[in-house]
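See structure below.
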Amino acid sequence: MNEQELLLLGIADDELVLGWRDSEWTGIAPVLEEDVALSSIAQNEIGHARAIYQLLAEDADALAFDRAPEEYRSSQLVELRFVPDWARTIARRVLYEAADELRLRRLMASADPAVAGLAAKIDREEAYHRMHAELWRGRLRDEPRYLVAVDELFPYLLAMAEADDHEALIAQFEPKTVPSNTVLQAHRRGAHADGWPDLWNEMTEVRRSVPGASW
Amino acid sequence: MTAEAVWSALAEVEDPEIPVISLVDLGVVRDVQVDGERVHVEFTPTFLGCPALEVMRDRMAEAIESLGGEAEVEVVMDDSWSTDRITPEGREKLRAAGFAPPAPREAAAPKLVQLQAAVFRCPYCGSTETKLENIFGPTPCRSIRYCTGCRQPFEQFKTI
């Protein structure tokens, strides 16, 4: 894969893994509205992942589920497992959507019409994820558990984002400390978070049991 | 076989999740080309994660095959579909079935403040005294609002 394809693969992996993590709230969210919201958001994110995989490969399922764990390009931010911690779940949603908006905007300006068109289509749906994040950012504005979670996860966010977006994200979230290069290196995409082997195991179980299985 | 016959057949294919409207009403059929018995249809997805996509594609192929055509349904993953593509007839059918049709799309993406403050009309009683209950709903394409006029929750199509 060339550099552009690797970038797209990372985005698709982020969307797939985050969709998986958000769907862990289905049935157990703190209120019914959020059960519906997180399930719907998860469904959208996985739909975006599938569409991007289809740009990169004939068989989206094979690309999504037939890779070894170390071949995934997902960021650690999306791999972390937060259930049953709502404050960190929401902090991740807020942080992720901010970075996702910046990279989508860049893809929408891509010279490749297939990439630009798909990014614009994805962005129509992401607008509603951003509204959800905005709503919760306002609600939890003074909630200590949320504020601690934002600070804790900020290094993961910066490690997920491309360098071009760092300045804008720092300005938006004003972290107490800006993560050093050493910290960013430890949180880098591809190095994988602690919960990743278990999640990979769960995500790929069907395809490993029945090679080529489709849904 | 003519393109008109294919369009008429597709106008009978119901949306799998909202059977009150057809796929032509929904605006997802972008083009129909007929070459002898071969029928090529360009189809644009609504929401990318919508599980109805495969069902829509298969139902369109069946409708074309029942006319005696050989169906080729191409899914076009570009940005050409918006809720503005739903036809006026489709919008009226949605309203009559109790789904508030989507507001027109503006140049920029919709904002939270618009969902909270703009005028959305209750499909049951017509009141504009409605409030946002949940940005998300039973499928990705719908939000939930509550009408303080007739005290009914209702499903509002998202604008995308």
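Naming: A, B, ... by sequence-line order, numbering from 1 per chain.
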field: Under 4.5 Å from any heavy atom of chain A - which part of B:Thr46
entry: backbone
field: B:Cys141 portion near chain A, given a 4.5 angstrom heavy-atom threshold
entry: neither
- request: Please state whether the side chain, the backbone, both or neither of B:Thr139 comes within less than 4.5 Å of a heavy atom of chain A.
  value: backbone
query: Is it the side chain or the backbone of B:Thr44 that comes within 4.5 Å of chain A heavy atoms, both, or neither?
result: neither
field: Residues of residues 117-140 of chain A with any heavy atom under 4.5 Å of a heavy atom in chain B
entry: A:Gly117, A:Leu118, A:Ala120, A:Lys121, A:Ile122, A:Arg124, A:Glu125, A:Ala127, A:Tyr128, A:His129, A:Met131, A:His132, A:Glu134, A:Leu135
- request: Quick one: list whatever passes salt bridge (charged side-chain N to carboxylate O under 4.0 Å, His left out) with B:Arg105, sequence neighbours left out.
  value: none
- request: Using non-hydrogen atoms and a 4.5 Å limit, figure out which bit of B:Lys111 sits close to chain A: side chain, backbone, both or neither.
  value: backbone
task: Give me the contact list for residues 75-94 of chain A versus chain B, heavy atoms only, anything under 4.5 Å, ordered by residue number.
output: none
field: Leading residue by heavy atom contact count with chain A [cutoff under 4.5 Å; candidates B:Pro51, B:Ser143, B:Pro138, B:Pro110]
entry: B:Pro110
- prompt: More than 12 non-hydrogen atoms from neighbouring residues, nucleotides or ligands closer than 6.0 Å to CD on A:Gln4, yes or no?
  reply: yes
query: For B:Arg38, does the CZ atom have more than 12 heavy-atom neighbours from other residues, nucleotides or ligands under 6.0 Å away?
result: no
query: Based on non-hydrogen pairs under 4.5 Å, which of B:Ser80, B:Ala109, B:Pro45 is most in contact with chain A?
result: B:Pro45
field: A:Glu70 CD: over 12 foreign heavy atoms closer than 6.0 Å
entry: yes
query: Is it the backbone or the side chain of B:Leu115 that comes under 4.5 Å from a heavy atom of chain A, or both, or neither?
result: side chain
- prompt: Can you pull out the residues in residues 16-54 of chain A with any heavy atom less than 4.5 Å from chain B?
  reply: A:Glu33, A:Val36, A:Ala37, A:Ser40, A:Ile41, A:Gln43, A:Asn44, A:Gly47, A:His48, A:Arg50, A:Ala51, A:Gln54
